Each structure stands twice: as C-alpha cells, then as structure tokens.
Amino acid sequence: MGEPLKGTVTPLSSVFAPEEAQKASVRVQETISERRKQVDQLQAFLNDNNGLVNLVKKLPDQLHHDIMVPFGKAAFFPGRLIHTNEFLVLLGEGYYAERTSKQTIEILKRRGKDLESQIETLNAVIKDLKFEASFFDDTAIEAAEGIVEIREDYVDEAFNEDEPTKGEDDFARILSRIDELEKEELESEIAEEHEEEDKADLSHLISLTSLEPEGRSPEEQAKNEHLMSKISLQNHPQEDVPKPVKPKDLPARPVSKDLSSHVKVPTSSGSRLPPSLVEHNKLKERVSHTPVPKNEKVSTSASNSGNHSSRASVVAPVSKEVSDFDSSIGSDRSKAFTGSIVEHTHNIENNNQKGQMQAPASKPVSRFKMQRK
Amino acid sequence: MDRLREEKIQRFEEFVDRRLKPDLVRAIAERDKVFEQQKVFSDLRKNLENLEKNSVTSLRSMVNLGSEVYAQAEVPDTRHIFVDVGLGFHVELTWSEALSIIPAREEKLARQIEEYTRLIAQIKAQIKTVSQGIRELLQLPTE
C-alpha cells in the first residue's frame with residue numbers, strides 16, 4: 001500500500017441516468033401489474049374449476065335434479081336434469097367427450113393442475129420482475145444521490161498485512177517439511193510393524209474427535225494418544241508403539257479459544273515448543289499417515305508459525321507425543337514447518353487436556369488458507 | 001402571432017384526440033351491446049315460433065355447467081317459459097304471452113339503438129368541425 005493506487009472515479013449517475021432508471025422502473029412496474037392481472041385471472045379460472053368439481057361430484061347423488069333450463073339468453077324453461085352421471089366435456093376444437101362423473105372430475109383436476117403450474121410460472125416471472133424493479137429503483141436513488149463508483153487496480157497485497165512475504169516462505173518451508181516427513185515415514189514403516197492397532201480404537205478415536213472436546217480424564221487422554229498413534233500405525237505400520245504417557249513436559253501454553261481459526265500457535269519458540277496445531281481437521285489424513293512425524297512437525301511448525309499467528313494455543317498433546325516419539329524422530333525445528341497442519345488426533349488430545357478446543361470435524365481446508373488464518 | 005396559432009392548433013388537436021375520439025369509441029361500444037341484446041330477443045322469438053309451429057311439448061337440451069361441461073336436461077313441459085323482463089326479473093308466461101311481449105321488448109331495444117346512433121353521429125360531427133377549424137388555421141399561415 002505504498003504507492004498510490006491508480007483508479008477511476010465514476011459517478012453512478014453518468015452510467016445510469018436517474019430519470020432513465022426511474023422510467024425503466026416504472027415500465028417494469030407496469031409489466032408486473034400486467035402479470036399480476038393474469039395471475040388473478042388464472043386464479044379465478046382455478047376457483048371456477050374447483051367449484052365445478054364439487055358440482056360434478058354432487059350431481060350423481062340424485063336421479064333427477066329440478067332446474068331452470070335456459071333457452072337462449074333471455075328465457076328459461078322449468079325442467080330437470082337427467083342422466084345425472086353423464087357429462088359432455090369439451091376437449092377443444094369442437095371435440096367432445098362423454099364421460100361419467102368420476103372421469104369428468106379427473107379431467108377437471110388435470111386442468112386444474114395445469115392452471116396451477118401456469119400460475120406458478122407467472123409468479124416466478126413476477127418475482128424476477130420485482131427484483132428488476134427494485135434494482136432500478138435502487139440505482140435511481142443512488143444515482144440521484146450522487147454515489148460514485150470507484151475502481152482501483154488490484155494490488156496483490158498479502159492476506160495478512162503484517163507478513164506478505166512470510167506466506168511464501170512458509171509455503172516453501174511447508175513443502176520441505178512435508179518431504180522430510182515423508183521420508184521419515186518410509187523409514188518408520190520399514191522399521192516397525194505395529195499394525196494391529198484396532199480399527200476399533202481408531203473408530204473410537206474418531207468418534208472422540210467428533211465429540212465435544214470436554215476435559216478428558218488422563219486415562220482418556222492416554223487412550224487418545226494411544227489411539228492417535230494407532231491411527232498412524234494403521235496406515236503405516238509404524239515405529240513406535242505409542243506409550244500412553246502423560247504429558248510430561250507440557251509447557252504452559254496459552255490456550256486460546258480461538259475456535260474460529262482453530263490455529264494453535266506455540267507461544268514460545270525454541271525448545272520443544274508447544275506445537276502449533278492448526279485447523280485440526282485439515283490434515284486429518286496426514287495425521288493418520290504420520291502422526292508421529294506430525295507431532296514433530298507440528299511442534300516445529302508451531303515454533304515457526306509462532307511468529308505469525310499469535311492466536312492459537314498450544315497443543316499439549318502434540319508436545320507430549322513429540323516427547324514420546326522423540327526418539328524416532330529427530331526433531332528438526334530447523335525444518336520449520338509453519339504448519340497449518342491440522343491433526344485431528346492432536347485436537348483430541350488437546351481437547352482432552354484443555355477441554356477447550358473444539359474439534360469439530362469440519363471439512364478439510366487447504367493448508368494455505370489455514371496458514372493465512 | 002404564429003405562436004398563438006400553433007398553440008391553438010395544438011389545443012384543438014388535443015381536444016379531438018382526448019375527448020371526442022374516446023367518446024366516439026364508447027358510444028359505439030354501447031350501441032353494439034344493445035344490438036346484441038336485440039339479436040337475442042329476436043332469436044328467442046324465432047325459436048318460440050318454431051316451437052309453436054311444431055307443437056313441441058318436451059325438449060331435451062344440454063346445459064352448460066361451466067367450463068364447457070354439459071349435462072343433459074329435459075324439459076317435460078314447454079308450455080311455460082320464464083322471460084327476462086329486465087332488472088333481474090323473469091316472468092312466467094305462456095307461449096302466446098311470450099310471443100306478444102317479446103316484440104315489445106325488441107321495439108324498446110330498437111329505440112335505444114337509435115338514440116345511440118344519434119349520439120354517435122353528434123360526436124362524429126364535432127370531430128369534423130374541429131378538424132376543419134384546425135385545417136383553416138393551418139391554411140391561413142400558408143396563404
């Protein structure tokens with residue numbers, strides 16, 4: 001935002017002359033009233049139709065009905081209706097059909113449906129016209145008020161004003177981190193095979209994640225951790241059997257309830273930082289793939305991202321896991337993964353511990369978006 | 001001077017277009033309505049005469065129930081007929097009585113029609129006068 005932006009200023013009144021807009025609005029109003037009249041007419045037809053249906057229904061109740069039979073337009077004969085179940089229905093173009101009462105009712109009902117659909121379309125047309133009219137009205141008002149349209153060249157500023165450049169760096173870091181983690185995964189696959197971890201556990205874990213993050217008991221936490229590791233194991237027979245370990249070195253981390261962003265940022269950098277857990281759901285898959293490395297990654301990323309979003313809270317479980325799997329994974333804080341990695345399991349643990357974070361199973365969001373946030 | 005003339009001309013034209021012509025249209029419409037009714041009565045008369053000629057006692061017809069759905073109706077005894085005498089009244093009459101009042105009705109209608117015709121003629125004459133005036137005003141400047 002350094003340089004002055006180029007732009008154009010155009011008064012709305014030059015684009016849409018107010019009088020013309022008003023005239024157009026009036027015209028549209030007239031059209032609307034026309035359509036309304038048509039709708040009313042159709043409605044009247046529909047009412048007549050319904051009345052006729054009732055009449056035709058009742059006529060066969062009696063053998064004969066005494067009526068006044070019209071004779072031309074200005075004279076009547078007293079007479080009676082006979083053959084009360086037989087009706088002659090005009091099908092159009094001079095063709096008639098002789099039908100019973102029930103059949104006539106069916107014909108009339110079909111006609112009624114036709115009328116209704118016509119009314120529907122007309123109503124839709126009226127709605128559109130109304131929108132048009134309101135648009136014209138608004139434009140006329142705005143033009144009359146002298147509202148101006150300002151166009152400026154789009155300068156691709158960073159999403160965060162504070163760090164337009166960081167985004168790129170983060171991106172590169174993320175990429176590099178991902179590569180490393182993948183390598184680690186492969187290694188761990190070869191190393192271990194703890195596969196049996198249950199799908200049951202996994203499902204339980206998943207259900208836990210979808211549940212509200214209440215403060216969990218330590219056992220649960222442990223279990224969750226266990227599950228988390230299991231998840232990882234599931235996908236890749238992994239190295240470590242997660243040992244349910246209570247989080248030992250949980251540095252005090254501010255837990256922010258920034259649920260909106262779901263970004264957890266380690267406040268302190270340096271040592272095993274409170275990993276920053278971002279967007280718990282985002283990288284759910286990744287979690288399953290590489291929970292262990294993730295932890296590490298998250299922590300490192302946390303450290304890295306610590307600078308850029310100061311909103312999040314630290315995920316204790318992440319750090320714990322980090323400590324657990326520390327042996328297997330060399331922590332590379334240098335490979336700062338300014339992670340917008342969302343690890344669902346982390347969330348669970350987080351929830352367990354903090355009971356604050358909500359782990360909504362939201363849809364996965366792109367990393368970069370998370371990062372932005 | 002010309003300005004005045006032009007204004008007068010314009011006012012005359014407006015008068016013709018806005019007052020006289022619509023009046024003419026309306027008068028013609030009213031007259032047509034009366035024509036129709038007259039036709040109705042004359043048809044009725046003709047039918048009655050037919051009935052009498054053929055000594056038709058009973059009658060079968062189709063009654064329109066609305067939306068062109070017809071039901072069969074039978075008139076067992078056609079001796080009595082209810083004729084519309086205006087203002088929503090129908091009078092029960094025999095054939096002969098009916099046959100006598102219907103011509104009276106027709107005559108009344110004919111008189112109405114004549115009146116409308118006179119009105120229409122009046123309006124037309126007015127239009128002609130005004131047009132003539134406009135033409136004179138227009139011709140004078142060119143002279």
Side-chain angles (χ1 to χ4, degrees), chain A residues 42 44-60 62-101 103-112 114-115, chain B residues 33 35-52 56-95 97-99 101-106 108-109:
Chain A
L42 286 180
F45 286 156
L46 197 59
N47 293 339
D48 285 346
N49 208 38
N50 292 337
L52 194 56
V53 166
N54 289 335
L55 178 64
V56 171
K57 221 183 280 190
K58 276 190 292 178
L59 276 185
Q62 275 189 309
L63 262 185
H64 302 115
H65 289 269
D66 285 325
I67 60 165
M68 290 297 257
V69 183
F71 189 68
K73 279 229 190 103
F76 295 96
F77 277 117
R80 40 215 320 240
L81 270 182
I82 57 172
H83 296 294
T84 48
N85 202 28
E86 297 171 15
F87 297 96
L88 202 61
V89 188
L90 174 69
L91 303 177
E93 291 301 308
Y95 281 92
Y96 289 82
E98 193 157 359
R99 302 252 89 191
T100 68
S101 162
Q103 293 162 328
T104 315
I105 288 178
E106 281 169 22
I107 292 181
L108 291 176
K109 284 220 170 107
R110 284 195 288 268
R111 285 190 193 165
D114 201 29
L115 281 176
Chain B
K33 257 195 272 175
F35 262 140
E36 267 182 47
Q37 223 168 357
Q38 195 189 35
K39 181 174 176 300
V40 163
F41 272 103
S42 87
D43 282 347
L44 182 60
R45 185 166 46 84
K46 280 192 209 130
N47 284 334
L48 269 184
E49 284 168 1
N50 258 339
L51 284 184
E52 222 176 332
V56 175
T57 45
S58 65
L59 195 48
R60 281 246 185 124
S61 78
M62 289 289 203
V63 179
N64 187 358
L65 303 177
S67 301
E68 304 295 321
V69 172
Y70 292 91
Q72 278 190 50
E74 190 199 23
V75 180
D77 179 14
T78 56
R79 265 173 302 148
H80 292 275
I81 183 168
F82 288 74
V83 183
D84 171 23
V85 292
L87 295 178
F89 282 93
H90 292 73
V91 179
E92 184 173 3
L93 301 167
T94 61
W95 280 350
E97 288 169 349
L99 280 174
I101 94 160
I102 288 179
R105 189 71 193 271
E106 282 179 324
K108 178 173 159 297
L109 288 171

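Here the structure is a predicted model, which means the values were calculated and not measured. Proteins come first, then strands; the chains are lettered A, B, ... in the order of their sequence lines, and each starts at number 1.
- The choice from A/G79, A/A75, A/A74 that makes the most heavy-atom pairs within less than 4.5 Å of chain B is A/A74.
- Of the listed residues (A/R99, A/H83, A/E98), the one with the most heavy-atom contacts under 4.5 Å to chain B is A/H83.
- In this structure the side chain of A/V69 never reaches within 4.5 angstrom of the side chain of B/L59, judged on heavy atoms.
- Of residues 87-94 of chain A, those residues lying under 4.5 Å from chain B by any heavy-atom pair are A/F87, A/L88, A/V89, A/L90.
- The structure places CZ of A/F77 at 5.5 Å from CG of B/L51, a figure rounded to the nearest 0.5 Å.
- With a 4.5 angstrom heavy-atom cutoff, A/I107 does not touch chain B via any of its atoms.
- Only the side chain of A/Y96 comes within contact range of chain B, with at least one heavy atom under 4.5 Å from a heavy atom of that chain.
- Proximity to chain B is limited to the side chain of A/L55, based on heavy atoms less than 4.5 angstrom apart.
- Shown here are the salt bridge (Lys or Arg N to Asp or Glu O under 4.0 Å) partners of B/D43, two or more places apart in sequence or in another chain: B/K39.
- Residues passing the salt bridge (Lys or Arg N to Asp or Glu O under 4.0 Å) test with B/E97: none are found, sequence neighbours excluded.
- Heavy-atom distances place the side chain of A/R111, and not its backbone, under 4.5 Å from chain B.
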Residues 70-85 of chain B side chain polar contacts: donor-acceptor under 3.5 Å, at least two apart:
unit_1: B/Y70; atom_1: OH; unit_2: B/E68; atom_2: OE1; d: 2.8
unit_1: B/Q72; atom_1: NE2; unit_2: A/E86; atom_2: OE1; d: 3.4
unit_1: B/D77; atom_1: OD1; unit_2: B/R79; atom_2: N; d: 3.0
unit_1: B/D77; atom_1: OD1; unit_2: B/R79; atom_2: NE; d: 3.1
unit_1: B/D77; atom_1: OD2; unit_2: B/R79; atom_2: NH2; d: 3.0
unit_1: B/T78; atom_1: OG1; unit_2: B/V56; atom_2: O; d: 2.8
unit_1: B/T78; atom_1: OG1; unit_2: B/T57; atom_2: O; d: 2.9
unit_1: B/H80; atom_1: ND1; unit_2: B/E92; atom_2: OE2; d: 3.4
unit_1: B/D84; atom_1: OD1; unit_2: B/G86; atom_2: N; d: 2.8

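- One distance of note links OG1 of A/T104 with CG of B/L65; it measures 9.5 Å at 0.5 Å rounding.
- For A/I82, the parts lying near chain B are the backbone and the side chain together; criterion is any non-hydrogen pair under 4.5 Å.
- B/V63 touches chain A through its side chain: at least one heavy atom from C-beta onward sits under 4.5 Å away, while N, CA, C and O do not.
- Chain A forms the most heavy-atom pairs under 4.5 Å with one residue out of B/Q37, B/H90, B/M62, and that residue is B/H90.
- Proximity to chain A is limited to the side chain of B/R60, based on heavy atoms less than 4.5 angstrom apart.
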